[in-house]
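For reference, the structure discussed in these notes is given below.
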There are 2 protein chains.
Amino acid sequence: MTQIAQVSRIPKGKRTEIRRENERVILDAAERVFAEAGYGGATMQLIADMAGLPKANLHYYFPTKEALYRQVVRNIFEIWLQAAESFDDAPGPVEGIGAYIEAKMAISRRHPYGSKVWASEVMHGAPVIQDYLETTLRDWTAGRMALIQRWIDEGKMAPVDPRHLLYMLWAMTQHYADFGHQIETLNNGQPLSDAQWAEATETVKSVILRGIGVI
Amino acid sequence: MTQIAQVSRIPKGKRTEIRRENERVILDAAERVFAEAGYGGATMQLIADMAGLPKANLHYYFPTKEALYRQVVRNIFEIWLQAAESFDDAPGPVEGIGAYIEAKMAISRRHPYGSKVWASEVMHGAPVIQDYLETTLRDWTAGRMALIQRWIDEGKMAPVDPRHLLYMLWAMTQHYADFGHQIETLNNGQPLSDAQWAEATETVKSVILRGIGVI
DNA sequence: CTTCGTCTTGACCATACGGTCAGGAAATGA
DNA sequence: TCATTTCCTGACCGTATGGTCAAGACGAAG
């Protein structure tokens, strides 16, 4: 067991571990800097300082600024997709949509920088992840719309346009990450407490679930 | 009457008119470029090209890039505040919140660039409009929260946390501007038609109004 | 027509940025 | 121990950017 744990942490010796760790540190720093300064405002020097590495070292692991940015955006997309699984295996809208809201609110709290990078990328016309929008996201959206439509047809919820319902879910949950600074300012400059996050999640859930006629 | 009309259009001769027109052209171009490229990614040259003026001319009207950006953000804030008036003079939540959703959806369609600049500014920590958040926006929010609470106390709507209800309204309506590119991609690359905008507005209204128990 | 203040703009400057590179340090394997 | 590969980094480079300036064009007023 100890052996297995070690193997999983250091799969192929110190070399691999160094690479893995440095890439992680750089990606974390880059996510934060890209979120706070935008792609154009972010500089490799800033990311290097945040990561505690010389700038030239960044270019050793990631050839260009754009390549680093691409990797950051892709990582975020993976997290989105994982949350999307909350939708499946649900007997009806109360469980499915409720779980989805909870999952996305949790992501907004845990990965605010990632959400901002994604928002920024989309706002600028999705120059990097346009293909993802046209393939993976489009397919996922179509599948969920069909599921919601099925729930409507089965009389499990009110006849609400599935597409715009999805947009509403995305908008509200991501708002708590993307506009976190505004929300914090309106909260007397304090980050939302555990209780306030729970309250926010509960309010969103209750309004939506009542709004689609399942409460 | 003709005299008055002329006076209001050309108050002080051609000089003033030239200044007014050039400032307008520059601000329009700047709003679009800031929205599409972000503050850091926007260049004075790009704005100048978009405005059809030489770069040096921009610096004649606006001393620095930051000053130009500040003016763009302030203009947007004014538009936000005007829409906020929809809330007042409403006898209850159906009219007040319904009108507010319609007004903000209309703004999202007519001023998508402005909405994106605002979102970008807030996401980057509101370096320029932090004072607005702490004064004007905070006051406005407090006033509307009190109004909503009054409606709840009077039994006109379900007891929904007023603060988070406001956040939900902002999130959903601005989402159609800020994430317009994603929405367009999911609409087979086509901008939303008049009918689709009406459908979106109707869906948001119906879910929210049912969600706060007034339908 | 002359004068004066406003507007226009090509050329220019200092700086900061993304990216390169050579040469050394450290880890690996025989 | 020694050879080989990977990792590290200070110094450097070409370019693009925000901003300046001086000289001229244009409208207003007498």
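The sequence lines fix the lettering, A, B, ..., with proteins before strands; numbering per chain opens at 1. From a predicted model like this one, the values you see are computed outputs, not experimental measurements.
- We find the OG-CD distance between B:Ser120 and B:Glu36 to be 12.5 Å, quoted to the nearest 0.5 Å.
- In this structure, of D:dT20, D:dT17, C:dG19, it is D:dT20 that holds the atom nearest to the side chain of B:His59.
- Between A:Tyr100 and A:Phe87, the ring planes are tilted. Angles from 30° to 60° get that label.
- Between the CZ atom of A:Phe62 and the P atom of D:dC7 there is a distance of 13 Å, rounded to whole Å.
- Whole-Å rounding puts the A:Met44 CE to D:dT15 P distance at 20 Å.
- With rounding to whole Å, B:Ile47 atom CD1 is found 8 Å from D:dG18 atom P.
- Rounded to whole Å, the distance from OH on A:Tyr60 to C1' on D:dT5 is 9 Å.
- A:Phe77 and A:Trp80 have their aromatic ring centers separated by at least 6.0 angstrom.
- In this structure, A:Tyr39 places its OH atom 8 Å from P of C:dG18, rounding to the nearest Å.
- Contact check, A:Asn57 against D:dG10: no side-chain N or O comes under 4.0 Å of OP1 or OP2.
- Nearest nucleotide to the B:Thr64 side chain, out of D:dG19, D:dC8, C:dG19: D:dG19.
- If you check D:dT9, D:dT20, D:dC7 against the side chain of A:Ala56, the one that comes closest is D:dT9.
- A cation-pi arrangement is absent between B:Lys65 and B:Phe34 under the rule of less than 6.0 angstrom and at most 45 degrees off the ring axis.
- For A:Arg19, a side-chain nitrogen or oxygen approaches OP1 or OP2 of D:dC7 to under 4.0 Å.
- When heavy atoms are screened at a 4.0 angstrom cut-off, A:Ala42 is found touching the sugar-phosphate backbone but no base atom.
- Rounded to an integer number of Å, the gap from CG of B:Leu53 to P of D:dA25 is 19 Å.
- In the set C:dT9, C:dC17, D:dC7, the nucleotide with an atom closest to the side chain of A:Tyr61 is D:dC7.
- Protein atom CD of A:Glu17 is 18 Å distant from nucleotide atom P of D:dT6, rounded to whole Å.
- Spacing between atom CG of A:Leu58 and atom C1' of D:dC8 amounts to 12 Å, rounded to whole angstrom units.
- Side-chain atoms of B:Lys116 never come within 3.5 Å of backbone atoms of B:Gly180 as a donor-acceptor pair (strictly under, hydrogens ignored).
- Taking 3.5 Å as the limit, the base of D:dG19 and the side chain of B:Lys65 contain no donor-acceptor pair of atoms between them.
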